[in-house]
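Below is one structure, written out as structure tokens, with a few remarks after it.
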2 protein chains.
Amino acid sequence: MARSPASRGARAATLSDVARLAGVSVATASKALNGRNHVHAQTRARVLEAAQQLSFSPNSLARGLLAGRSGTVGLLTSDLVGRFSLPILMGAEDAFGAGQVSVFLCDARGDAIRERHHVQALVSRRVDGLIVVGSSTDPRPPLVEGVDVPVVYAYAPSEDPADLSIVPDNVGAGRMAVEHLIACGRTRIAHISGDRDYSAARDRVVGAEAALEAAGLEPVGEVAYGTWSEGWGRAAAGLVLDRHPELDAILCGSDQVARGVLDTLRERGRAVPEDVAVMGFDNWEVVATGSRPGLTSVDMNLEELGRTAARAMFDAIDNEHARGVQTTQCRVVIRGSTAPVA
Amino acid sequence: MARSPASRGARAATLSDVARLAGVSVATASKALNGRNHVHAQTRARVLEAAQQLSFSPNSLARGLLAGRSGTVGLLTSDLVGRFSLPILMGAEDAFGAGQVSVFLCDARGDAIRERHHVQALVSRRVDGLIVVGSSTDPRPPLVEGVDVPVVYAYAPSEDPADLSIVPDNVGAGRMAVEHLIACGRTRIAHISGDRDYSAARDRVVGAEAALEAAGLEPVGEVAYGTWSEGWGRAAAGLVLDRHPELDAILCGSDQVARGVLDTLRERGRAVPEDVAVMGFDNWEVVATGSRPGLTSVDMNLEELGRTAARAMFDAIDNEHARGVQTTQCRVVIRGSTAPVA
DNA sequence: CTGTTAGCGCGTTCAC
DNA sequence: GTGAACGCGCTAACAG
């Protein structure tokens with residue numbers, strides 16, 4: 001039963017192995033490897049070399065067990081395939097990756113049962129915190145129970161105002177969009193939005209109308225709600241142009257809608273941006289850069305949102321946690337559809 | 001120093017807590033909770049209730065430390081933002097999620113230094129296996145060293161033939177594409193591909209040409225290599241149509257290229273699919289379904305690839321691991337650009 | 001400066 | 001059927 005240097009088939013080296021090879025005790029080896037004081041420089045060197053030689057890698061499980069913290073966090077998404085989760089996830093992974101924490105990724109696929117299952121697994125793995133990423137900006141029910149670690153909701157806020165949620169500033173995005181169009185000299189701005197059932201659509205409209213009013217401008221026609229698709233953009237553009245041929249700009253609820261609008265404008269011989277300026281939301285690269293001309297769009301800064309959520313989680317782990325809904329800034333990315341390229 | 005029932009601020013319940021509450025020893029509690037035999041039904045019930053009451057969640061760190069397996073795997077991507085990693089990742093997460101293993105996600109962002117850093121962290125966390133997801137199907141250097149757990153390469157194969165790699169069958173995809181066009185009655189098929197530097201582009205061409213030859217057909221013109229963009233598709237379509245107005249189908253290296261081709265065809269008044277059939281590769285939903293008509297495309301089945309990689313990793317953990325490059329099947333998704341909708 | 005001791009939470013022998 | 005004891009790998013106390 002005595003521990004042999006190398007047990008079954010190249011088992012990972014342990015601290016005892018290192019200590020034995022260096023001719024010291026495990027405690028000394030531990031101190032040496034962790035850069036603690038009270039260890040002779042020469043001894044430290046011997047230990048380090050032994051560790052190197054055995055390609056020793058400290059067992060985080062044992063360390064975590066002892067420390068009470070695992071150095072891991074859970075990232076729980078409800079819709080990984082959707083295009084919004086990914087950048088958030090990247091931002092979070094980025095913020096964590098810089099430190100010493102690793103990220104557990106779970107996709108609940110919008111299923112509450114599966115979500116509970118994943119939460120249970122994460123709790124069992126003693127994650128130090130949890131980020132819950134929603135698939136739309138509509139509020140979602142909070143995690144049910146038994147979660148004793150800090151939770152931050154990203155993109156979709158929690159319905160419980162006592163929770164901390166980080167969401168993009170859609171109202172601000174709508175405002176910035178209109179302000180950009182005005183800065184481009186447009187005054188007759190129509191608005192073809194997306195699905196009215198989404199708060200993202202409604203919030204952007206709120207911001208856009210506020211900006212129009214602040215500039216003393218009237219909207220051109222009613223806001224046209226529909227779906228988040230190219231097809232809707234094509235159809236709606238036709239209707240709006242029939243009714244308001246005098247318009248000089250169309251603000252679109254998303255980049256996809258904008259692509260459809262661009263198609264219809266080209267078919268009708270309206271020049272973009274000279275005659276009509278067009279812009280969208282989301283700044284979805286493949287959609288926004290593939291069009292002719294390139295599509296000006298409001299970037300929701302989702303990666304930054306992910307980073308913010310991660311930092312908020314760090315703060316919540318250390319100190320006490322903040323509460324309420326916090327928004328992150330968006331930014332306008334200018335392309336040819338609103339301003340002629342230089 | 002005696003363990004108090006509830007230490008500092010609602011610390012997570014431990015097995016001892018459960019045992020004490022149920023009035024049994026930790027050993028009995030363990031057996032009861034794990035469904036082992038040799039425990040009285042009534043005792044088991046008491047333990048279960050105690051666990052419930054304390055919302056006890058077994059500490060996976062301790063369990064993993066003891067068992068020698070952590071029940072976790074690492075998913076190492078080099079380009080999470082790229083559109084190919086995500087479905088693979090989803091498939092893998094899906095295959096693992098069904099079991100008891102959790103997934104560590106790491107994005108190396110194409111940086112070798114960062115990759116080593118992540119691998120080191122994963123080894124330290126004692127993952128039971130590792131899936132390395134590449135961003136293109138070109139071979140990549142194998143993980144450097146010191147990884148004693150099974151590694152499966154997905155999408156991008158390892159340069160070392162002794163490693164196990166799972167990649168999409170691009171040659172088969174090219175073949176299937178041409179076979180579909182032939183089945184639609186086309187005989188004069190041009191090929192506008194993507195970036196020649198990508199093996200995916202070259203492999204698809206190989207498969208396409210093989211299928212043409214098998215059917216006794218000649219390609220229409222040379223394969224036009226360029227970039228994976230809509231702009232290239234638009235430009236190349238113009239050139240090809242000028243030189244070969246007689247063509248009745250254009251096979252495109254990707255969906256984006258195909259979108260550009262569709263644009264040019266519409267501008268020139270060539271009807272799709274009546275006059276010219278068009279198809280692409282990748283079946284990228286937003287691109288393929290947004291066009292008029294919808295774009296027929298070869299789906300690379302990346303989610304299935306991810307599941308396959310996950311299963312291969314399971315096998316590698318249990319038994320000994322397979323070697324070499326293994327391919328997964330693709331499938332044609334038919335839309336309006338090759339066949340009129342019913 | 002170094003070594004010995006004592007657990008972190010759990011599963012698994014082996015006595016009773 | 002139940003419980004006491006041991007150890008997974010590591011770090012934080014103390015003792016020398």
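Here is the naming used below: chain letters follow the sequence lines, and residue numbers restart at 1 for every chain.
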Any base atoms under 4.0 Å from B:His40, or only sugar-phosphate, or nothing? Heavy atoms, all strands.
sugar-phosphate
Atom-to-atom span, CG of B:Leu65 to C1' of D:dC10 - whole angstrom:
8 Å
Between P of C:dC10 and CZ of A:Arg126, the distance in whole Å:
7 Å
What integer distance in Å separates A:Asn37:CG from C:dT2:P?
12 Å
Starting at atom CD of A:Gln42, determine the distance to atom P of C:dC1, rounded to an integer number of angstrom.
12 Å
Do any side-chain nitrogens or oxygens of A:Ser16 fall under 4.0 Å of OP1 or OP2 in D:dG9?
no
Expressed in angstrom and rounded to an integer, what is the separation of B:Asp17 atom CG from C:dC8 atom P?
11 Å
Below 3.5 Å, can you tabulate the donor-acceptor pairs from side chains in residues 129-136 of chain B to any protein atom, sequence neighbours excluded?
| from | atom 1 | to | atom 2 | distance (Å) |
| --- | --- | --- | --- | --- |
| B:Ser136 | OG | B:Asp138 | N | 3.1 |
| B:Ser136 | OG | B:Asp138 | OD2 | 3.0 |

Contact letters for nucleotides 11-16 of chain D, in which S counts primed atoms plus P, OP1 and OP2 and B counts the base, heavy atoms under 4.0 Å:
BBB---
N/O donor to acceptor pairs below 3.5 angstrom from side-chain atoms of residues 37-47 of chain B, sequence neighbours left out:
| from | atom 1 | to | atom 2 | distance (Å) |
| --- | --- | --- | --- | --- |
| B:Arg44 | NH1 | B:Ala32 | O | 3.2 |
| B:Arg44 | NH2 | B:Arg36 | O | 2.8 |
| B:Arg46 | NE | B:Ala22 | O | 3.2 |
| B:Arg46 | NH2 | B:Ala22 | O | 3.1 |

Going by the side-chain hydrogen bond (donor to acceptor under 3.5 Å, both in side chains) test, which pairs reach into residues 57-71 of chain A, not counting sequence neighbours?
A:Ser57-B:Gln120, A:Ser60-B:Ser124, A:Ser70-A:Thr72
A:Gln100, CD atom: more than 12 neighbouring heavy atoms under 6.0 Å:
no
Looking at A:Thr28, does any N or O in its side chain come under 4.0 Å of the phosphate oxygens OP1/OP2 on C:dG3?
yes
Please step through side-chain contact (heavy atoms from CB on, under 4.5 Å) for the pair B:Leu89 and B:Leu80, ending with a clear verdict.
CA-CA 9 Å; B:Leu89 189 149; B:Leu80 192 47; 3.7 Å; yes
C:dC8 OP1/OP2 closer than 4.0 Å to side-chain N/O of B:Thr14
no
Could I get the full list of side-chain contact (heavy atoms from CB on, under 4.5 Å) partners for A:Gln329, not counting sequence neighbours?
A:Asp169
Dot-bracket, DNA chain D: Watson-Crick or G-U, under 3.5 angstrom, [ ] crossing, | other strand?
||||||||||||||.|
Looking only at atom types and distance, does a side-chain atom of B:Asp79 sit under 3.5 Å from a main-chain N or O of B:Gly82, one as donor and one as acceptor?
yes
From the candidates D:dG9, D:dC10, C:dT2, the one with an atom nearest any side-chain atom of A:Phe56 is D:dC10
When the distance from CZ of A:Arg11 to C1' of D:dC8 is rounded to whole Å, what number comes out?
11 Å
Where B:Val149 and B:Asp128 come nearest, the two heavy atoms and their spacing:
CB-O, 3.8 Å
Side-chain contact check for A:Asn59: nearest option of D:dC10, D:dT2, C:dT2 is D:dC10
Let me know the distance between CZ of A:Arg20 and P of D:dG9, rounded to the nearest Å.
11 Å
Over how many whole Å does the gap from B:Arg125 atom CZ to D:dG9 atom P extend?
18 Å
Using only heavy-atom distances, determine whether the side chains of B:Ser165 and B:Ser158 contain a donor-acceptor pair under 3.5 Å.
no
